[in-house]
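Below is one structure, written out as structure tokens; the observations come after it.
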2 protein chains.
Amino acid sequence: MIIISKDVRIIMQTFDVMKDSRITLKDLAQVLNLSPSTISRALADHPAISEATKEKVQKKAEELGFIPNSIASSFRKKKSHTLGVIVPRIDIHFHSLVISGIEEFAYKTGYNVTIFQSKDSITREKEITKLLQNKMVEGVIVCLATETYNYDHFKKFRKLGVPLVFYDRVPSNYDTNKIVINDFESAFKATEHLIKKGCTRIAHIAGNQSTPIFKARLQGYKSAIKKHHGNLDEKLIIPCKTLSYEEGALCAEKFLKFSPMPDGIFCANDYTAVSVIQVFRKAGIKIPEDTAVVGFSNYPISRVIEPHLTTINDRAFQMGIEAAKLLIRLIEEEKKSIKSETITLETELIIRESSMKP
Amino acid sequence: MIIISKDVRIIMQTFDVMKDSRITLKDLAQVLNLSPSTISRALADHPAISEATKEKVQKKAEELGFIPNSIASSFRKKKSHTLGVIVPRIDIHFHSLVISGIEEFAYKTGYNVTIFQSKDSITREKEITKLLQNKMVEGVIVCLATETYNYDHFKKFRKLGVPLVFYDRVPSNYDTNKIVINDFESAFKATEHLIKKGCTRIAHIAGNQSTPIFKARLQGYKSAIKKHHGNLDEKLIIPCKTLSYEEGALCAEKFLKFSPMPDGIFCANDYTAVSVIQVFRKAGIKIPEDTAVVGFSNYPISRVIEPHLTTINDRAFQMGIEAAKLLIRLIEEEKKSIKSETITLETELIIRESSMKP
DNA sequence: TTTTGCAATGCAAACGTTTGCGTAAAAATA
DNA sequence: TATTTTTACGCAAACGTTTGCATTGCAAAA
């Protein structure tokens with residue numbers, strides 16, 4: 001559907017005339033009979049410029065619709081005021097929350113955010129790191145691709161003096177800045193909650209054990225069980241690859257065949273937890289009376305599923321805020337710090353009906 | 001938790017030495033006894049440069065770890081190779097899908113994506129448009145803030161020759177490029193589906209009527225009812241402000257008091273649809289036997305809720321792809337086109353259990 | 001009055017890359 | 001061999017802003 005009206009023609013004319021006729025500092029200088037340097041300083045509120053000229057310049061700039069060319073400025077000052085962000089996928093709710101936090105803080109501080117998706121591919125991740133170096137970003141925030149176990153492609157940033165902050169899926173054995181939650185403690189809390197609710201056979205749907213966060217969650221679960229129940233039944237632990245909704249259903253089917261069945265299940269994420277609840281309910285198992293369920297991440301779905309899901313708030317938005325805050329601090333610090341920082345965010349157990357045993 | 005090891009110290013030394021010692025074209029030129037222009041052309045695979053020198057340059061560039069300064073290049077060429085994206089919020093699943101599509105296409109085409117959240121505030125939206133002009137973005141993709149009814153702050157882009165593409169919440173009465181779905185037809189399809197399933201009293205949870213997309217959905221609903229049932233009972237239409245999960249529950253409560261109750265409900269989004277299903281089921285109403293429900297958007301939750309929700313796939317990812325594709329075409333077109341384009345994506349009715357009346 | 005000091009502005013270079021034009025040498029043509 | 005064409009490269013300007021240093025005018029101190 002294409003519409004060409006008389007109106008559009010008029011607009012086009014304007015368009016063609018104005019095209020690329022951006023007013024520059026020099027133009028302003030000429031008009032005002034001042035030097036470009038004075039204009040520049042006036043606009044930057046430099047103390048050496050008199051208030052009178054400052055006002056004059058401001059007014060004229062406004063009048064002529066002067067738009068400072070920040071690329072020229074970046075070029076000259078060697079500062080792009082841009083942060084690069086590499087996430088596995090933008091459309092995963094957790095990451096979109098983190099990005100939202102990053103943008104929020106960056107915007108307030110005057111930085112721009114350029115995003116890239118690694119699609120969990122190390123090849124693409126490497127490509128992106130190269131791009132980011134060209135682009136002269138001032139700092140980079142990364143959540144590693146699942147495939148990434150070697151971090152060499154990030155070393156160049158250090159050489160270039162570009163600070164890095166990793167979040168969630170962070171490098172192990174590599175000293176750098178990290179924003180994480182305490183997965184161990186969170187899992188411990190979640191498991192302990194089930195124990196306190198009277199569960200005696202608590203199962204765990206575990207994530208990919210080559211990913212540190214899921215490993216830590218399993219450890220937290222184990223630790224809580226050992227502390228309160230003494231011994232641990234390894235059979236109650238079912239490892240998953242992707243922790244998808246579908247995989248969760250498969251785990252649930254397995255649990256249904258156990259005898260006795262688990263009376264509590266701690267799932268490494270919310271998708272599998274939701275899946276378990278649905279499969280169990282279809283099988284006539286009452287949640288939470290027969291089996292209590294706890295998830296991890298506080299996805300929107302957790303407060304929609306019936307019964308509402310007890311889960312761990314993983315502070316995704318806050319993670320983004322902290323990542324941006326730390327990164328910008330590192331960028332603006334006079335002498336770039338040598339120390340690497342790891343910020344651990346406090347999680348919170350959100351207790352809902354799925355674990356409220358009578 | 002701060003760890004300083006001997007290793008880190010060594011890295012730091014390297015770091016300090018290397019800092020800001022980026023190799024430039026000039027450096028390369030000097031080393032190779034060639035002029036910067038030759039280096040530039042060699043690296044750009046210019047036909048006027050011999051294969052021999054090209055190879056020599058490539059090799060040396062690799063060897064010295066030359067990183068082209070794309071800010072300088074952007075500055076000189078007046079091309080930032082950057083797209084600006086303004087969305088109300090990144091953490092809304094629909095938008096994160098669109099952004100994902102935008103990034104996907106932009107990445108393949110060599111463009112970067114800088115994102116901004118308007119937070120549905122017109123003030124912030126205006127601020128962002130100013131920023132984007134400074135940044136010399138080559139094109140902008142926008143989903144308008146709910147507050148936005150005046151589009152003057154976007155007119156400057158046209159004057160600057162920067163193409164704009166709007167998606168989802170697009171300006172009305174303003175000739176520009178738009179990517180939309182056919183909300184009218186989709187709503188018509190959804191309502192007709194309920195009619196064909198035998199529903200005779202079909203209600204509608206409508207969105208904010210000052211937003212064109214929700215207005216169109218209401219019209220589509222009305223049109224289908226009128227076509228098949230002849231007359232329309234306006235009481236069966238409940239308008240909502242935000243279409244939130246909570247608002248959906250309020251609507252559901254109202255429907256429960258109707259007599260006779262609606263035997264079909266078409267909701268303007270999935271949140272309210274899910275809410276309706278839950279409230280109805282708690283009240284003992286069988287879905288879909290007593291009342292069939294159809295949502296809109298195909299949110300992840302729609303295939304988790306029991307019964308799974310019949311809904312409209314709004315092609316969010318594809319919308320992002322198309323927006324980026326159109327924008328980049330507009331950017332790269334020789335003579336910027338005068339015509340505004342509106343691309344309407346075909347939606348798809350996804351039929352699941354919530355509408356499968358026997 | 002001369003000197004010193006300060007406030008306000010200008011000069012000019014620089015940032016790294018690109019590009020139109022010029023030119024030398026080599027190759028092709030007359 | 002003389003002339004033209006082609007090939008391969010260099011020169012130098014330009015992009016718009018910033019910034020160290022120089023400069024001007026003028027008031028305060030000597």
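Convention: sequence-line order gives letters A, B, ...; per-chain numbering from 1.
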Given atom CD1 of B:Ile23 and atom P of C:dT17, what is their separation to the nearest angstrom? 11 Å
Do B:Phe154 and B:Phe166 come close enough that some side-chain heavy atom pair is under 4.5 Å? yes
Whole Å only: how far is the CD atom of B:Gln133 from the P atom of D:dG16? 17 Å
Using a 4.5 Å cut-off on heavy atoms from C-beta on, say whether the side chain of B:Leu43 contacts that of B:Leu25. yes
Looking at D:dA8, I'd like to know if its phosphate oxygens (OP1 or OP2) sit under 4.0 Å from a side-chain N or O belonging to B:Thr53. no
Flag side-chain contact, heavy atom, 4.5 Å: A:Glu322 against A:Phe105: no
Do B:Ser37 and B:Ser40 meet the criterion of a side-chain donor-acceptor pair at a distance under 3.5 Å? no
Rounded distance (Å) that lies between atom P of C:dT17 and atom CG of B:Leu25: 4 Å
What pair of heavy atoms forms the shortest contact from B:Ala145 to B:Ser121, and how long is it? CB-N, 3.9 Å
Please test B:Ser70 against B:Ser73 for side-chain hydrogen bond (donor to acceptor under 3.5 Å, both in side chains), starting from the C-alpha separation and ending with a verdict. CA-CA 5 Å; B:Ser70 68; B:Ser73 173; over 6 Å; no
Donor/acceptor link under 3.5 angstrom from B:Arg76 side chain onto base of D:dG16: no
Between A:Lys78 and C:dG16, is there a contact of a side-chain N or O with OP1 or OP2 at under 4.0 Å? yes
Write down the distance between CD (A:Glu51) and P (C:dA7), rounded to a whole number of angstrom. 14 Å
Atom NZ of B:Lys56 and atom C1' of D:dC9 are separated, to the nearest Å, by 11 Å
Rounded to whole Å, CD1 of A:Ile39 lies from C1' of D:dT19 at a distance of 16 Å
Could you give the CD1-to-P distance, from A:Ile49 to C:dA7, as a whole number of Å? 13 Å
Please confirm whether the shortest side-chain N or O distance from A:Ser35 to OP1 or OP2 of C:dG10 is below 4.0 Å. yes
With a non-hydrogen cut-off below 4.0 angstrom, is B:Ser70 in contact with a base, only sugar-phosphate, or nothing? nothing
Looking at the base of C:dC15, is there any donor atom on it, or on the side chain of B:Thr24, that sits under 3.5 Å from an acceptor on the other one? no
If I take atom CD1 in residue B:Ile71 and atom C1' in nucleotide C:dA14, what distance separates them, rounded to the nearest angstrom? 16 Å
Starting at the 5' end of DNA chain D, which residue's closest nucleotide do you reach first, A:Arg41 or A:Phe66? A:Phe66
Under 4.0 Å between a side-chain N/O of B:Ser50 and OP1 or OP2 of D:dC9, yes or no? yes
Would you call B:Lys78 and A:Arg22 a side-chain contact if the rule is heavy atoms closer than 4.5 Å? no
Check if the side chain of B:Arg22 and the base of C:dG16 share a donor-acceptor pair of N or O atoms closer than 3.5 Å. no
Just compare C:dT17, C:dT9, C:dT19 and give me whichever is closest to any side-chain atom of B:Lys77. C:dT19
Take nucleotides 22-28 of chain D nucleotide by nucleotide from the 5' end and write B, S or -, depending on whether a protein heavy atom sits under 4.0 Å from the base, only from the sugar-phosphate, or from neither. -------
Would you check if A:Val98 and A:Cys143 make a side-chain contact, meaning some heavy-atom pair closer than 4.5 Å? no
What contact category does B:Leu34 fall into here, base, sugar-phosphate, or nothing, at under 4.0 angstrom with non-hydrogen atoms? sugar-phosphate
Touch check for B:Ser40, heavy atoms < 4.0 angstrom, all strands: base, sugar-phosphate only, or nothing? base
Aro-ring/base stack B:Phe75-D:dC15, d under 5.5 Å, angle under 30°: yes
When you measure from the side chain of B:Ser37, which nucleotide among D:dA12, C:dG16, D:dG16 comes out closest? D:dA12
Under 4.0 angstrom, heavy atoms only, what part of the nucleic acid is B:Asp27 near: base, sugar-phosphate, or nothing? nothing
